[in-house]
Amino acid sequence: MDVDRVYGSGLFTKDKFLFYERLPSTQDRAKELIKNGVGRPGYVIVADEQYRGRGRFRRVWSSRMGESLIFSFITEKIPLLSMRTALSVTETLEEECGLRAEIEWPNDIVVNGRKICGILIETERNLAIIGVGMNINETVLLLENATSVRIETGIPASREAILSSFLSIFESNLTRENIMDCVREYLSFIDRYVEIETENGIVRGEFINLGEDGEIIIRTESGTIAGFLPGEAKRVHKLSAPLLAGTDRQRG
Ligand code: BTN
């Protein structure tokens, strides 16, 4: 990454940016910085390569050296952080790359149904660490259901410009009031049936809306209305058709 081409502003001033060619995980580095009293809101840790990248629910996050945009940043813990981050990624992809991305609630960003970005939010002491892994210049991806900015637009993109733009958009979304209205505009679940994997098992139903706390609200197969907060959903799958009683084996 060409450090000189990344711009800092507002909360994210350049003196709080740390760039690494290679490190285990930007997320872990941010945690260490908070633990040793250095990390505070506005710190951004960026890596060209990560060899122990983590995704949600302890999944491995792999990325390609110099092609992905991999970073973690520290913020105050405020409401709707995962929605603010997801919205900021979609707005960045639209403004910077002309891509219409969708939010696959709660933390995935997809383009044409394929994942282009993952978000991991953790806390350390009283601060939040937000990790973002964006596929930018990959021309080949190991996962079938993944894509990159370059694959979607056909042209290479600047990771530096995308990072600079994201940080400035995120900062403006930190204080934006109508976050959930904006998030709903980009949702991929509208008019869909979903299957939500929670710690307590799988729940299926018809997507109704997102609530003001960022929770997904569905009408379950038994007809009750249920809500799940982002942290309660391990995975969410879209279903192609309503699952009527007795037909709920079709996903296998
Ligand atoms: C997911 O989709 O499960 C979330 C993936 C988050 C990956 C990013 S890459 C930067 C930061 N460092 C990590 O180890 N993970 C996050």
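Since this is a predicted model, take the numbers as computed values, not measurements. We count ligands from 1, going down the list as the structure has it; atoms in each ligand are counted the same way.
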Completion exercise
In this structure, CG of Asn173 is separated from CG of Asn178 (nearest 0.5 Å) by 9.0 Å

Practice task
Below 4.0 angstrom from a heavy atom of Gly133, which ligand 1 atoms are there? Numbered from 1 as shown, please.
Solution key: 8 (C), 9 (S)

Problem - Per-atom contacts, ligand 1 versus Gln27 - under 4.0 Å to a heavy atom - result: 11 (C), 12 (N), 13 (C), 14 (O)

Problem - Nearest-contact summary for atom 15 (N) of ligand 1 - protein heavy atom, Å - result: Arg54 O, 2.7 Å

Exercise for the section: Quick one: look up the protein heavy atom nearest atom 2 (O) of ligand 1 and list residue, atom name and how far away it is. Expected result: Lys115 NZ, 2.6 Å

Exercise for the section: Please work out whether the ring planes of Phe17 and Phe19 are parallel, tilted or perpendicular, with thresholds of 30° and 60°. Expected result: perpendicular

Practice task
List the closest protein heavy-atom neighbour of atom 10 (C) of ligand 1: residue, atom name, distance to the nearest 0.1 Å.
Solution key: Thr26 OG1, 3.3 Å

Handout entry: Heteroatom distance test (Arg52, ligand 1): nitrogen or oxygen, under 3.5 angstrom
Key = no

Handout entry: Arg184 bridged to Glu212 by N-O distance under 4.0 Å
Key = yes

Problem - Mode of Phe71 contact toward ligand 1 - side chain, backbone, both, neither (heavy atoms, under 4.0 Å) - result: backbone

Problem - Trp61-ligand 1 polar pair, N/O distance under 3.5 Å - result: no

Practice task
Give a yes or no on whether Ile78 and Leu167 share a hydrophobic cluster (residues Ile, Leu, Val, Met, Phe, Trp, Tyr; joining criterion: side-chain heavy atoms under 4.5 Å apart).
Solution key: yes

Practice task
Show which atoms of ligand 1 fall inside a sub-4.0 Å distance from at least one heavy-atom site of Gly53.
Solution key: 14 (O)

Exercise for the section: Would you mind listing which atoms of ligand 1 come within a distance below 4.0 Å of any non-hydrogen atom of Gly55? Expected result: 1 (C), 3 (O), 4 (C), 5 (C)

Completion exercise
For atom 12 (N) of ligand 1, the closest protein heavy atom turns out to be Gln50 OE1, 2.8 Å

Handout entry: Test: Asp48 and Arg159 ion pair at under 4.0 Å
Key = yes

Exercise for the section: May I ask you to identify the nearest protein heavy atom to atom 3 (O) of ligand 1, giving residue, atom name and distance to one decimal place in Å? Expected result: Arg56 N, 2.7 Å

Practice task
Going by heavy-atom distance to atom 4 (C) of ligand 1, choose the closest among Asp28, Ile70, Ile119.
Solution key: Ile119

Completion exercise
Counting heavy atoms under 4.0 Å, the part of Asn107 that contacts ligand 1 is neither

Handout entry: Proximal atoms of ligand 1 relative to Ser25 (non-hydrogen, under 4.0 Å)
Key = 12 (N), 13 (C), 14 (O)

Practice task
State, without any angle test, whether Gln27 and Ser72 hold a side-chain donor-acceptor pair at a distance under 3.5 Å.
Solution key: yes

Problem - Glu197 side-chain N/O to Lys234 backbone N/O, donor-acceptor pair under 3.5 Å - result: no

Handout entry: Hydrophobic cluster identity match, Met1 and Tyr43, side-chain contacts under 4.5 Å
Key = no

Practice task
May I ask you to say whether Lys35 pairs ionically with Glu32, meaning some side-chain N is under 4.0 Å from a carboxylate O?
Solution key: no

Fill in the blank from the handout: In this structure, CD of Gln50 is separated from OG of Ser68 (nearest 0.5 Å) by 9.0 Å

